[in-house]
Undergrad: 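Have a look at the structure that comes next, please.
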4 protein chains.
Amino acid sequence: MTDQLSVTTSAEKVPSDVAGSSSGRPLRADAKRNYERLLAAARVVFAEHGGGASMEAIAKQAGVGVGTLYRHFPKRIDVVEAVYHEDVDELVAAAERFVAELEPWPALVAWLEAFVRYARSKRTFLSELHEAFEKNPELRITARERIEGALSVVFDRARAAGEVRSDLDGIDLMQLLGSMCMSATLTSEQSARLLLVIEDGLRPPE
Amino acid sequence: MTDQLSVTTSAEKVPSDVAGSSSGRPLRADAKRNYERLLAAARVVFAEHGGGASMEAIAKQAGVGVGTLYRHFPKRIDVVEAVYHEDVDELVAAAERFVAELEPWPALVAWLEAFVRYARSKRTFLSELHEAFEKNPELRITARERIEGALSVVFDRARAAGEVRSDLDGIDLMQLLGSMCMSATLTSEQSARLLLVIEDGLRPPE
Amino acid sequence: MTDQLSVTTSAEKVPSDVAGSSSGRPLRADAKRNYERLLAAARVVFAEHGGGASMEAIAKQAGVGVGTLYRHFPKRIDVVEAVYHEDVDELVAAAERFVAELEPWPALVAWLEAFVRYARSKRTFLSELHEAFEKNPELRITARERIEGALSVVFDRARAAGEVRSDLDGIDLMQLLGSMCMSATLTSEQSARLLLVIEDGLRPPE
Amino acid sequence: MTDQLSVTTSAEKVPSDVAGSSSGRPLRADAKRNYERLLAAARVVFAEHGGGASMEAIAKQAGVGVGTLYRHFPKRIDVVEAVYHEDVDELVAAAERFVAELEPWPALVAWLEAFVRYARSKRTFLSELHEAFEKNPELRITARERIEGALSVVFDRARAAGEVRSDLDGIDLMQLLGSMCMSATLTSEQSARLLLVIEDGLRPPE
DNA sequence: TATGAATGAGTGTTCATTCAT
DNA sequence: TATGAATGAACACTCATTCAT
């Protein structure tokens, strides 16, 4: 079931040049570093000031000029899209990792926690994401497919191992969790508590 | 059961009878009319252009100058807060109304539908609301209490009448519904369909 | 021939409210003042820094904030268009004035001088005007018609009075003059001198 | 008559043989090729996007990095100046060529056509050229002298051959033509037609 | 030496907020 | 008191120019 994992990490989205070590051009070492630094900065700034944060703020947080930000992300929306894309990547990669390293049930629990983090991050720039989805509807679809793929890996594995009640659909679970996190009134502690409840509810009747 | 309703309508929120010089309150009528017109306009504009809509747009939609808008709402955030407050009012008033006019189960169904409308409206200006909550944490708490109060009226009544399975908590239900509506990917039709499913699920086992 | 003048001054283009003296609203006294001040400022700034001058510079020259500039001219191109429009107005008004006040030949001479001023001003923001023409082709056509109308008034009058050689077309003359002024290498003195030559050439063979 | 040509081609403008270390000039070839490629690119880009085109666009069109562009032209204005200079060169060279290869009248006609091309190109970056003239007034003067030199070669030759009316000054003709092309309202077809008319007008009275 | 990534001042434009009318 | 004109800080985005590689 693990080998079902065809999911890819978005590492390739980064203007690659990954290989270069000794031979030709070490060229874009800093460019790549900046790309990643910018994404991290965007995440920080979005978390702090909401999805409406200014490009200037993101650039400053990354310690670069706006121009650099714009070189990597020609339009504001491209930043949103990239952050979201990376979030999804991380979620997918987490599934791979947990399946490889953990037993079925702990892997599922760990991934659900990762999913809650993802969903809460999404809430931060909900309206911006909305806009991105409108301009690029494929994004929404691809993201959903990838996440559902990741989910099915950890969820089906746990169910096959008899760790999850058999009358439960993974997608429904995710829908529930995801929307739960969207609530504007939900604090971080609350979501942790709710997650525990849900996890309990997943176990098969003894 | 109706008398359990301690909830108040936000009418009092209108800058109340301060000025009234000598006679009755002929000026007051204008002011109140404007206040309501402005809120209605804000609602329309928010729905149309998102929570980031401009004050100018709201004033124009209301058919008044910005100055008038600012007389009633000194800061932009006050508009958001007032719209939200009124949404909550409406939800509370709806509970009163449905309880007075309908049988327990239909009343609950009608109210859940109202709640979905409320939640979907909230999604429109989620980030603005977030800001409002930060500036005025009481708002969040009060709103939650009032809504939970309204819910308990219709929900407990239905449960007492044996129309709802007894192993269900109203708050949980609301949390579920509310967050469901936040989903960035949820269309209006989808939410209607989901609501039907949920309603079915509420019935006590035959 | 004078009564042929159906030409209008663009005064009406200004958000009028001209009449208001005592009765209703003196309201836009300052608004109108600003509109005119802004146009004058734009003319000054364009002359000084070329047609590419910044909106900020224009606003500062007018002694107002950018916002005010944008209230009157929502887009940069609107400034260009308005300046040009006013230039044309002035040219047309000059024709009326000279015909009313001067003898046929002096009127023609005076108008040709005005025309040279107009053409030289046009040179300042040639490419901006190009853009304006592309977005609003009517502008070019209307302007040409109005100018040709003005020309025909002064020119035909002079010709009818026997002050101009009869084998000459007014339009050709204007085309010549106009394009002459476009030359990037033409100084103000040169154009004055050339104008004299041309004026001589206009006289009928003795 | 050809030997009257003291005009020089701007080839010398290329950063001349300074570096040359020991052998011939194999490095030089590259540099010169780049220089010319850049100018050609600038011409293309200016024609396409107007005189305000970006350095980046020019470099890309030339197939080099901006750095290389800046090696040859330290400032943006240097590109404008160089393009203009080369235009003038071409005009001068054309005079030489036509005089060497064609009969007096066809040579004049051919050169006038070249001149119209030159003038129309100039219109593209009029304001940039203005700036260049201000920073380097000599440019304007030199250019005029060189062009007038070229003109006199073809024009005087044609007049001496009795192919052109003797009461006509070459400079005036050029001024007329040149400014004609500046008109913002003049299309390419119009200018071609007008040129034909002018050519007819040049012939001596039969 | 060629490249193109980084820079940051500058541009057009918007909009919450203030204030003269 | 209602109006909407004025304000200016802020924003997204561009581009000439510099500089590390």
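In what follows, chains are A, B, ... by sequence order, proteins preceding strands, each numbered from 1.
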Undergrad: For DNA chain E, just give me the dot-bracket, please: Watson-Crick or G-U, both distances below 3.5 Å, ( ) intra-strand, [ ] crossing earlier pairs, | paired with another strand, . unpaired.
TA: .||||||||||||||||||||
Undergrad: To the side chain of V66(B), which of dT14(E), dT17(F), dG4(F) is closest?
TA: dG4(F)
Undergrad: Taking for each residue the nucleotide of DNA chain E bearing the nearest heavy atom, is the 5' side occupied by G67(D) or by T68(A)?
TA: G67(D)
Undergrad: With F46(A), which residues qualify under ring-ring contact (aromatic ring centres under 6.0 Å, His included), at least two apart?
TA: F125(A)
Undergrad: Rounded to whole Å, please give me the gap between CZ in R71(A) and P in dT3(E).
TA: 14 Å
Undergrad: Ignoring hydrogens and angles, write down the donor-acceptor pairs under 3.5 Å from the side chains of residues 54-66 of chain C, residues two or more places apart or on other chains.
TA:
residue : atom : partner : partner atom : Å
S54(C)  : OG   : A57(C)  : N            : 3.0

Undergrad: Within the 4.0 Å heavy-atom criterion, would you say V64(C) contacts the bases, only the backbone, or no part of the nucleic acid?
TA: sugar-phosphate
Undergrad: Starting at CZ of R76(B) and ending at P of dT18(E), how long is that distance when rounded to a whole Å?
TA: 15 Å
Undergrad: L39(B) and V79(B): which non-hydrogen atoms are nearest, and at how many Å?
TA: CD2-O, 4.4 Å
Undergrad: Any salt bridge (charged side-chain N to carboxylate O under 4.0 Å, His left out) involving residues 126-138 of chain D? Give me the pairs, sequence neighbours left out, ordered by first then second residue.
TA: none
Undergrad: Kindly write out the residues that satisfy side chain to side chain donor-acceptor pair (under 3.5 Å) with Y70(D), not counting sequence neighbours, or none if the list is empty.
TA: none
Undergrad: Taking only heavy atoms on the protein side, list every residue of residues 52-60 of chain B lying under 4.0 Å from any atom of DNA chain E, sorted numerically.
TA: A53(B), S54(B), M55(B)
Undergrad: If you assign G63(A) and P74(B) each to the DNA chain E nucleotide with the nearest heavy atom, which residue ends up on the more 5' nucleotide?
TA: G63(A)
Undergrad: Mind checking ring-ring contact (aromatic ring centres under 6.0 Å, His included) for F73(B) and listing every partner two or more places apart, or none if nothing turns up?
TA: Y35(B)
Undergrad: Between dG4(F) atom P and N34(C) atom CG, what is the distance in whole Å?
TA: 17 Å
Undergrad: How many whole angstroms separate atom CD1 of I77(A) from atom P of dC11(F)?
TA: 18 Å
Undergrad: With sequence neighbours excluded, what pairs up with K75(D) under the side chain to side chain contact (heavy atoms under 4.5 Å, CB included) test?
TA: I77(D), D78(D)
Undergrad: Nearest-Å distance, NE2 (H49(A)) to P (dC11(F))?
TA: 10 Å
Undergrad: Rounding to a whole Å, what distance do you find between Y35(A):OH and dA6(E):C1'?
TA: 18 Å
Undergrad: With sequence neighbours left out, which residue pairs that include part of residues 40-50 of chain D fulfil the salt bridge (charged side-chain N to carboxylate O under 4.0 Å, His left out) condition?
TA: R43(D)-E86(D), R43(D)-D87(D)
